[in-house]
Amino acid sequence: QAQLVESGGGLVQAGDSLRLSCAASGRTFSFDSMGWFRPAPGKEREFVASIDRNGLMLTYAKFVKGRFTISRDNTKNTVYLQMNRLNAEDTAVYYCARRGYDGSVSAATSYDTWGLGTQVTVSS
């Protein structure tokens, strides 16, 4: 049973940066595509970014607009989300997820394992 633990959230000012981490355990991490999500109005989980198991295929939500970068280190069983030029609209709990089902990488239903999330608060 895979387990995911997010960290790195906090309170920052608009324009600042944060790096979120997601540590995975319980199964071979390098087999899995991973994603980051956050809640949004009208959605339980809004797609932020995803990365395939080799770290070669990266997908981002349009609102990221080049500000965020997803990466992974399979030797550390960890996936990262570097967030730059944060703004108040980025305030949310950010969840890491493992893609366990076929389907769109941007659909929450394609992911079968979720962390408890890490809170990001951006003050304007």
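Any value given below was found using the heavy atoms of this structure, including those in side chains, with hydrogens, waters and symmetry copies removed.
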Taking a hydrophobic cluster as the set of Ile, Leu, Val, Met, Phe, Trp and Tyr residues connected by side-chain heavy atoms closer than 4.5 Å, whether directly or through intermediates, do [X] and [Y] fall within one such cluster?
X: Leu20; Y: Tyr60; value: yes
X: Leu58; Y: Met34; value: yes
X: Leu18; Y: Val48; value: yes
X: Leu81; Y: Val93; value: no
X: Leu4; Y: Phe47; value: no

Please lay out, stage by stage, how Glu89 and Phe63 fare under the test side chain to side chain contact (heavy atoms under 4.5 Å, CB included). CA-CA 10 Å; Glu89 289 70 35; Phe63 67 79; over 6 Å; no
Identify the two heavy atoms, one from [X] and one from [Y], that lie closest to each other, and give their separation to 0.1 Å.
X: Asp90; Y: Tyr94; answer: O-OH, 2.7 Å
X: Gly103; Y: Ser110; answer: C-OG, 3.4 Å
X: Ser124; Y: Ala14; answer: CA-CB, 4.2 Å
X: Arg67; Y: Arg85; answer: NH1-O, 3.0 Å

Less than 3.5 Å apart, any donor N or O on the side chain of Ser17 or Asn84 sitting next to an acceptor on the other?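 Judged by distance alone, the side chains do pair up.
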Just so I know, are the side chains of [X] and [Y] near enough to count as touching, which here means a heavy-atom distance under 4.5 Å?
X: Val120; Y: Arg38; value: no
X: Met57; Y: Val105; value: no
X: Asp16; Y: Val122; value: no
X: Arg53; Y: Ser30; value: no

To the nearest 0.5 Å, how far apart are [atom1] in [X] and [atom2] in [Y]?
X: Ser33; Y: Tyr101; atom1: OG; atom2: OH; value: 14.5 Å
X: Gln119; Y: Thr91; atom1: CD; atom2: OG1; value: 7.5 Å
X: Gln82; Y: Ser21; atom1: CD; atom2: OG; value: 9.5 Å
X: Thr113; Y: Gln3; atom1: OG1; atom2: CD; value: 9.5 Å
X: Ile51; Y: Trp36; atom1: CD1; atom2: CH2; value: 11.5 Å
X: Ser71; Y: Arg19; atom1: OG; atom2: CZ; value: 7.0 Å

Between Arg98 and Asp112, is the closest basic N to carboxylate O distance under 4.0 Å? yes
Within 45° cone of Tyr111 ring axis and under 6.0 Å: Arg45 NZ or CZ: no
More than 12 heavy atoms from other groups under 6.0 Å of CG on Leu116: no
Centroid separation under 6.0 Å, is that true for the rings of Trp114 and Phe37? yes
So does Asn77 get a backbone contact from the side chain of Asn74, meaning a donor-acceptor N/O pair under 3.5 Å?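 Checked: no pair found.
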Is it the case that the side chain of Glu6 and the backbone of Cys96 share a donor-acceptor pair, with hydrogens and angles ignored and the cut-off at 3.5 Å? yes
